[in-house]
Amino acid sequence: MSFRTTSTDYVEDVSPGSGALPPRAWYASSDAKSLSLNGTWRFRLSPTADAEDDSFAAQGYDAGDWAEVAVPGHWVLQGDGAFGAPIYTNHLYPFPVDPPRVPTENPTGDHLRVFDLPADWSDEWPALSERGAVLRFDGVESCARVWLNGTDIGEFKGSRLPHEFAVGHLLKPAGNVLAVRVHQWSAGSYLEDQDQWWLPGIFRDVTLLHRPAGSAADFFVHASYDHVEGLGTLRVDSDVDGRVTVPELDIDVATGEPVTVPVEPWTAETPRLYDGVLATSGERVPLRIGFRTVVLEDGLIKVNGRAVLFKGVNRHEWHPERGRALDLRTMREDVLLMKRHNLNAVRTSHYPPHPAFLDLCDEYGLWVIDECDLETHGFTEQGWRNNPVDDDRWTPALLDRAARMVERDKNHPSVVMWSLGNEAGTGRGLTAMAEWIRGRDSSRLVHYEGDWNCRDTDVYSRMYADHAEVERIGRGLDGGTHKRRHLPFIQCEYGHAMGNGPGGLADYQRIFEAHERLQGGFVWEWIDHGIKHPELGYAYGGDFGEELHDGNFVCDGLIFPDRTPSPGLVEYKKVIEPVRIEGDGADGTVRVTNAYDFADLSALAFAWAYQADGETVGTGALRVPALAPGESAEVKLPEPPETGRSGQTLWTVRALLAEETAWGPKDHVVAWAQLPVGERQPVSVTASATPVPGEGLITLGPAAFDARTGALRSLGDVGVTGLRLDVWRAPTDNDDGASWQDDTRWGVLWRTHGLHRMRHRLDAVERDGDALTVRTRVAPAAREVGLRTVYRWTSDGTRLRLTVSVTPEGDWTVPLPRLGIRFGLARADRVEWYGGGPGEAYPDTRSASVLGRWESSVDELQTPYVRPQENGARADVRWARLGGLRIEGDPEFWFSARRWTTEQLDAARHLTDLTPGDTVWVNLDHGQQGIGSQSCGPGPLPRYFLRAEPAEFSFVFSPDA
Ligand code: IPT
């Protein structure tokens with residue numbers, strides 16, 4: 001006999017649940033009533049699934065002393081810590097792997113809400129049949145049991161999928177008691193091991209839907225496009241017969257009946273939607289119809305007869321305060337940001353998003369890979385033993401998930417592929433899902449990355465393949481199964497955007513564009529999942545005391561948690577721009593190529609600007625024909641304006657939105673290029689002053705040096721501290737690499753080699769003609785490698801020139817993080833420079849760096865990566881002014897300035913650890929190591945290595961008026 005009274009067997013049951021209605025299309029009726037049950041609910045948290053019995057679900061239960069939570073929401077993000085805390089793991093299950101068993105410690109949230117039916121519903125009352133009203137949950141993590149007015153109506157799993165229950169017979173006009181018991185852990189958790197925060201709760205909408213007699217149930221909009229004839233064929237299959245009207249197309253047909261008419265097709269670039277109505281005897285359902293045909297043909301993914309190139313991103317749902325409970329405004333913000341940054345595709349990693357997001361993709365135009373809520377990544381720790389996707393007992397749950405996704409989302413033109421899930425190994429269950437999906441919807445392709453033999457898929461998909469491999473695949477030299485060799489290729493994840501980076505995007509894009517088989521990729525990932533935190537700014541893994549966690553691996557997005565674009569997004573926008581502008585500024589013509597797949601250039605206007613030494617001296621419009629996709633034209637530039645100067649000159653040509661569009665204002669820049677004309681002459685300093693020894697100081701022109709150490713002390717009345725060679729940068733996440741990578745993780749090797757603690761040995765302070773020469777050797781303890789470094793100072797009486805010569809000694813097996821000088825200035829704040837901007841750039845992330853004159857404060861130069869690391873360098877700087885100095889480089893240099901030292905930056909774990917000191921630390925670099933993408937992928941390409949090689953570079957300092 002068992003002493004336990006409350007049965008919680010369903011929690012660990014592999015079945016998808018019981019009591020729910022079959023899945024169907026998600027839609028909002030025009031006339032059938034609905035009642036949102038979002039809002040404040042009563043809430044009680046228990047430590048285990050069975051700590052409390054189900055008496056709270058009974059009518060009349062007094063929950064007056066319970067706490068409250070907001071629905072939609074995650075309880076761990078509410079209650080100021082009183083309701084537990086988030087847990088972040090990448091792929092490790094935060095509980096023992098013993099499927100389908102879960103821990104006894106299973107936080108369980110009882111949710112209670114009392115509601116009345118709206119007054120205008122009551123005329124039907126009490127005639128509602130069981131199916132006369134449906135209760136819909138759009139997302140609950142991870143398992144819920146539901147009672148309405150004391151009746152147990154069922155339980156379900158499948159966190160990011162809808163579940164509906166027929167409840168008409170249970171409703172009363174007033175005082176309905178809806179009780180939902182939510183368990184954090186369930187058998188379903190084994191299927192939801194996505195790399196993200198574990199966040200229990202009712203995190204999407206709860207809605208009561210009136211289902212009048214004769215209302216539509218499920219329906220499937222088939223809207224294809226014949227690109228040869230320009231005809232669209234519409235057929236709406238509906239469980240309940242009715243009529244389909246599309247006024248704009250003069251369509252008025254019965255459900256189930258096909259009709260073919262001339263239409264404009266839907267594409268992500270031209271998201272043409274037609275408004276229609278499905279009218280059954282009981283309701284009217286608005287339809288937004290997009291005609292398009294997706295096929296696999298000639299080994300390519302084609303839409304409306306043309307191969308598409310995905311310029312995509314992986315999107316998790318995220319809000320820094322509300323977690324995965326997103327509101328419409330936030331979803332729209334994501335879509336607008338994507339469109340404004342030239343993205344054309346989203347993979348909904350790794351679960352179907354809130355359905356409203358897909359409406360936005362239809363409306364604004366984005367290709368969508370809709371991914372099922374399935375990942376069993378943690379089984380990799382045990383060689384994939386007992387993986388649920390290869391165990392028939394779990395197959396019903398897998399099929400249930402596939403069906404809930406497909407049925408919910410099948411009417412979205414934006415969805416062009418179904419993805420079975422992510423990182424789940426391989427197995428019969430996945431095959432069963434693919435077969436079911438094909439049988440239900442043959443109008444889309446099937447994607448899954450984990451199946452490199454492509455047994456179940458229509459596209460060969462990989463993640464984080466390096467450039468060389470992608471190139472081999474593009475050339476068809478990758479071998480593989482017979483089937484795979486005839487399939488198109490996408491990178492469903494690449495360009496790991498963790499911290500500073502990703503580097504190498506431009507190099508990938510060149511390869512994608514060079515080979516037909518390569519149909520683009522999806523950068524990992526859209527947003528940093530930082531959680532707003534009162535002391536830490538944004539929290540990441542470990543900040544809530546998790547016993548297992550993966551640190552800031554959860555902050556790897558192209559936008560910061562507050563949705564500010566990071567430099568990675570700005571870079572990506574440039575790399576994937578849909579218009580290519582090329583040419584040689586000196587010959588007066590520019591070649592413009594339309595790189596869209598479908599749209600011509602009629603929506604764009606072109607403008608030129610002419611710059612001399614960073615200043616714009618002329619602007620005008622440029623006539624470019626409305627080129628068709630793939631077409632190019634040579635366009636003549638005007639006569640260059642007379643500048644009256646001999647400095648550097650260049651053209652900037654921009655493609656702008658000619659008019660305001662749904663997603664961007666008029667004049668929004670879509671694409672641009674700079675074409676140099678005349679080169680700059682670096683300043684020359686004729687040494688005329690000579691070093692003069694004095695009382696502990698040596699003076700040279702406007703400068704004073706420490707006589708013993710040769711260190712620069714001041715220039716005019718500007719004090720300078722600590723000027724010396726610098727090779728260290730606070731390693732980026734991409735420098736550090738991922739823990740499972742054991743090849744060349746430079747950030748780790750740099751520390752092994754001691755590059756963060758270089759010692760500076762002084763060998764000589766000498767006068768050498770007109771120059772003051774300081775000879776040093778810069779080297780780490782315990783190693784024989786070093787850098788012979790000579791500082792040679794000269795002056796013409798007002799200006800001071802420093803030439804640094806570096807000669808490596810010993811066998812350098814690692815590249816240098818950076819090579820340049822650093823020094824401290826007091827009282828620096830505003831910075832002006834002529835060089836690349838406005839944002840940061842590194843050797844393999846510099847595509848978006850625009851040459852010009854820029855201004856900033858020191859604080860605004862910083863890029864606020866959630867985990868502090870090297871950031872903020874400006875590329876190609878000719879000169880910079882700050883703190884009373886003007887610094888000119890020969891050659892151009894990388895410029896950065898911050899209110900803390902690199903060592904402090906390196907030590908900080910959160911931005912709030914960085915406190916400004918009195919000194920601004922300036923780095924002038926001759927070189928920087930590339931960034932790469934090794935936080936989960938390949939490191940920088942060798943051509944971006946900063947090898948330890950002999951180098952010489954100069955700066956001219958002058959007091960700034
Ligand atoms: C890959 C995952 O698919 C994704 O969810 C995320 O974890 C990403 O890596 C890293 O941020 S899996 C990895 C082992 C290649």
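Note that this is a predicted model, so its numbers are computed, not measured. One-based numbering, in listed order, for ligands and for the atoms of each.
At a threshold of 4.0 Å, the pair Asp370-Arg444 does not count as salt-bridged, since none of the basic side-chain nitrogens sits closer than that to a carboxylate oxygen. A salt bridge does not link Glu317 with Arg160: none of the charged nitrogens is closer than 4.0 Å to a carboxylate oxygen. Between Arg324 and Glu141 there is a salt bridge, since at least one side-chain N of the basic residue sits less than 4.0 Å from a carboxylate O of the acidic one. Taking a cutoff of 4.0 Å between a charged side-chain nitrogen and a carboxylate oxygen, Glu407 and Lys410 qualify as a salt bridge. Using a cutoff of 4.0 Å between basic side-chain nitrogens and carboxylate oxygens, Arg315 and Glu525 are not scored as salt-bridged.
For ligand 1 and Asn90, the ligand atoms under 4.0 Å from any heavy atom of the residue are 7 (O). Within ligand 1, the atoms closer than 4.0 Å to a non-hydrogen atom of Asn422 are 2 (C), 3 (O), 5 (O), numbered from 1 in the order shown. In the vicinity of Phe553, heavy-atom distances shorter than 4.0 Å reach the ligand 1 atoms 10 (C), 11 (O). Below 4.0 Å from some heavy atom of His377 lie the following atoms of ligand 1, by number and element: 12 (S), 14 (C). Close approach of ligand 1 to Asp556 is summarised as follows: ligand atoms under 4.0 Å from at least one heavy atom of the residue are 11 (O). Ligand-side atoms of ligand 1 in range of Tyr464: 1 (C), 8 (C), 9 (O), 10 (C), 15 (C), range being under 4.0 angstrom from any heavy atom. For ligand 1, the atoms sitting less than 4.0 Å from at least one non-hydrogen atom of Met463 are 1 (C), 3 (O), 12 (S), 15 (C), numbered in the order shown with element in parentheses.
Heavy atoms of Gln194 found under 4.0 angstrom from ligand 1: none, in either backbone or side chain. With a heavy-atom cut-off of 4.0 Å, Glu449 does not touch ligand 1 at all. When non-hydrogen atoms are compared, ligand 1 lies under 4.0 Å from neither the backbone nor the side chain of Asn314.
Regarding atom 5 (O) of ligand 1, its nearest protein heavy-atom neighbour is His350 NE2, 2.6 Å. Given atom 12 (S) of ligand 1, the protein heavy atom at minimum distance is Glu423 OE2, 2.9 Å. Ranking the protein heavy atoms by distance from atom 11 (O) of ligand 1 puts His496 NE2, 2.7 Å first. Scanning all protein heavy atoms for the shortest distance to atom 7 (O) of ligand 1 gives Asp195 OD2, 2.5 Å.
Other residues, nucleotides and ligands contribute at most 12 non-hydrogen atoms within 6.0 Å of the CD atom of Glu547. The number of heavy-atom neighbours closer than 6.0 Å to CZ of Arg101, taken from other residues, nucleotides and ligands shown, is 12 or below.
Backbone and side-chain nitrogen or oxygen atoms of His316 are examined, and none is located within less than 3.5 angstrom of a nitrogen or oxygen of ligand 1. Below 3.5 Å of separation, one finds no N or O of Glu375 facing any N or O of ligand 1. Note: an N/O pair closer than 3.5 Å links Glu493 and ligand 1 by distance alone.
Ring-centre distance between Tyr464 and Tyr494: not below the 6.0 Å cut-off.
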Applying salt bridge (charged side-chain N to carboxylate O under 4.0 Å, His left out) to Asp906 and Arg751, what does each step give before you reach the verdict?
CA-CA 11 Å; Asp906 191 6; Arg751 271 186 226 277; 3.0 Å; yes
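Judged purely by distance below 3.5 Å, without hydrogens or angles, the side chains of Asp195 and His316 never pair a donor atom with an acceptor atom. Defined by atom type and a distance below 3.5 Å, a donor-acceptor pair is present between the side-chain atoms of Asn422 and Glu375.
For atom 13 (C) of ligand 1, the nearest non-hydrogen atom from the set Ser935, Cys555, Cys936 comes from Cys936.
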